[in-house]
Structure formats: C-alpha cells, structure tokens
Amino acid sequence: MDIANVVYAAVDAVARRIASIGTAGALALTDSVADRLYGAVAERLSGSAIGAHLLRGLETAPADTAAQWAIAQALAAEAEADGQFAEELRHLVGQLTASAPQHGAFGLASTTVGGQGFPRPGPIPPQGAAVGPDQISKPRQTFKPTTGGVIVIIAVAVIMMLISMTVLAKVVLPQAGITESARLNRLEGIWTTQTSNGSAMLIVRSDHTVALSGGSPSCPGRVTSPARSNYVFEVDCGLVKTTFEAKLNLRGNELTLTSPGGVDKVVMHRE
C-alpha cells in the first residue's frame, strides 16, 4: 500500500475513533489497534506547535473534512521524512484492515488496491451514534498540487508583491509625504518674511540646497527632513554656522523657523 493510502486510512480511523469514543484526554487509550494508531499520530504531531494545533482541530471537529485534510498533509510530510514512522503507520493500518475486512468498529469499509485491503472512509457519525453499512460513502478525493503548479503559484505571488511594493514606493508614500525626498520637494521655492531688521528670503532648490539672505551676503546651506512636516536647515554665513529647525503647516504655505534653543521663531510665507 502506498504511503498516501496509508495516511488517508490512518486519518480516517483516528477521526472515527474520536467521533465514536472521544479524545485521548477524555478517555484513556487502550491497546486496541485504533487506539495505538491514534497514539502514534498524536505523539508525532505533538512534537511541533503546528502539528499540535492541527491535532486539536481534528479532536475538536473529527467530522470536519478540512481538519482531516490538514492532518493528512502533515502526516504525509512526516512519513516521507521518516521511513520508520511510515512503516509504523503502514503496520498499524494493516492490522486495522485485517481486523475489519468488511465494516470495522468505526464504520470503515474495506477495498482492495494492488491486492491489499485498506480501509475506505465513510461519513463520520456523531459521537456515540451507531454506524451501519448504509452510512458508508464513496472515497473522498483530495487535491494534490503538482510541483509545477506550486511554482506557478509562488511566481504569481512574488510578482504581485513586487507590483504592490513598486506602487507603494512610487505612488502612495510620496503622495502621503512619507519619503524624505517627497517631503523636501514640498519646500522647493522662495520663502519670505518681514523682521524688525527688514525682509529676509529663503530659497530652497530642487537639489535641496538653500540660500538664506537678510540683505547681503547670502548664506548657503542644505535642508533635510527627519520626519513628516519637520525640517532642519544648516546654513553657513562665513564666521557663523547655524542650524534651524522648521515646521511646515498642513496647507504648505507657512514655514516656521526656530532658532537654536527654541528662543526665537520666524514665520516665512511661500511666494
């Protein structure tokens, strides 16, 4: 019997055992073949957080086909990685089949593949309900994606992720003023103000260099933006190098400069 059929039969038997008698926590396992199979599956899956989660899902809803399918995938992976575990499952399922050639304790029917009998699952009955031959259904078909199909799915997901990241970086973030370049672009232009010493002018260029003048000479410098609506100007007036912090209002037409130490503030307006 190939490992896929072994795993399928094992999951079906465990699900029917839980549905008919209860979980191992509710009723201690016995030396029956079904209980030993349940114990082997539980011990293997409990070795990882994901496996334990899948086992709890089956114990909570043994008739849930999604829970059965998830357990089957996990057991198949374990069996492929561990030949000894695969043989243990094959041995127990073989014993279960031998002890229930027609209809076993959990409503299993027997069918033959390659000269060997293995349990064929029918519908899971409610806990405590009797199971008869009329309750046996046809085998369920499970979807097994091919390697090529998995590669295509992964490739499509990667392409969609790259497209999303490109749109985010080139459209969403700049429009929201989240990138520094986008924030600095909002300052580009000429700003003026009137002070007690006369007028002052601030020119912000597209390369983020600035020129601050309150007469002559002009003081060159640069501007950076460490956070949204916040800016730092560094200007060199020869003997004195000064750093100003600035904040842009929501409308983008007023720029408030604060001198070092936060003593003086000057509001400049966009020309």
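- Checked by atom type and distance alone, the side chain of R17 pairs as donor or acceptor with a backbone atom of G22 at under 3.5 Å.
- N5 contributes atom CG, which lies 4.0 Å from atom CG of D2 (distance to the nearest 0.5 angstrom).
- Across all their heavy atoms, I71 and V11 have their closest contact at CG2-CG2, 3.7 Å.
- For the side chain to side chain donor-acceptor pair (under 3.5 Å) test, no residue two or more places apart in sequence or in another chain qualifies with K241.
- The shortest heavy-atom contact between G252 and R186 is CA-NH2, 3.9 Å.
- Environment of CD in E188: crowded, with over 12 heavy atoms of neighbouring residues, nucleotides or ligands closer than 6.0 Å.
- Residues M201 and I190 form a side-chain contact, since some pair of their non-hydrogen atoms from C-beta on lies under 4.5 Å apart.
- Residues N249 and T256 have side chains not in contact (no heavy-atom distance under 4.5 Å, counting atoms from C-beta outward).
- Remark: D236 pairs with no residue by the salt bridge (Lys or Arg N to Asp or Glu O under 4.0 Å) rule, at least two apart or across chains.
- Residue T243 comes nearest to V232 through the heavy atom pair CG2-CG1, 3.6 Å, listed as atom of the first residue, atom of the second, then distance.
- Within the 4.5 Å cutoff, the side chain of L187 has heavy atoms near those of the V223 side chain.
- Of the candidates R270, E271, H269, T192 forms a side chain to side chain donor-acceptor pair (under 3.5 Å) with just one, namely E271.
- Two residues are said to be in side-chain contact when any heavy atoms from C-beta on lie closer than 4.5 Å; L89 and V41 meet this criterion.
- Atom CG of L58 sits about 10.5 Å away from atom OG1 of T23, to the nearest 0.5 Å.
- Within the 4.5 Å cutoff, no side-chain heavy atoms of V266 are placed close to those of F244.
- Counting non-hydrogen atoms of other residues, nucleotides and ligands closer than 6.0 Å to CD of E245 gives a total of 12 or fewer.
- Looking at every heavy atom in both residues, S199 comes nearest to Q194 through CB-NE2, 3.4 Å.
- Summarising the geometry of A72 relative to V7, their closest heavy-atom pair is O-CG1, 3.4 Å, with the distance given to 0.1 Å.
- Y8 and Q68 share no donor-acceptor pair across their side chains, judged by distance under 3.5 Å alone.
- Contact annotation: the side chain of T242 never approaches that of F233 to less than 4.5 Å [non-hydrogen atoms, C-beta and beyond].
- Under a 3.5 Å cut-off, the side chain of N185 and the backbone N or O of S181 do form a donor-acceptor pair.
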Mind listing the side-chain donor-acceptor pairs of residues 79-88 below 3.5 Å, one per line with the distance, residues two or more places apart or on another chain?
| residue | atom | partner | partner atom | Å |
| --- | --- | --- | --- | --- |
| D82 | OD1 | Q84 | N | 3.0 |
| D82 | OD1 | F85 | N | 3.3 |
| D82 | OD2 | R44 | NH1 | 3.4 |
| D82 | OD2 | R44 | NH2 | 2.8 |
| E87 | OE2 | R90 | NH1 | 2.7 |

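- Between D31 and R36, the closest side-chain pair of non-hydrogen atoms falls below 4.5 Å.
- Under the 4.5 Å side-chain heavy-atom criterion for ILVMFWY residues, no single connected hydrophobic cluster contains both I203 and L248.
- Side chains of V267 and L255 form no contact here, defined as non-hydrogen atoms less than 4.5 Å apart.
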- Task: Tell me, with the steps shown, if E59 and Y38 meet side chain to side chain donor-acceptor pair (under 3.5 Å).
- Result: CA-CA 11 Å; E59 290 178 335; Y38 181 12; 2.6 Å; yes

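- Looking at every heavy atom in both residues, T224 comes nearest to L184 through C-CD2, 3.8 Å.
- When atom types are taken as modelled, the side chain of S46 and the backbone of A42 share a donor-acceptor pair closer than 3.5 angstrom.
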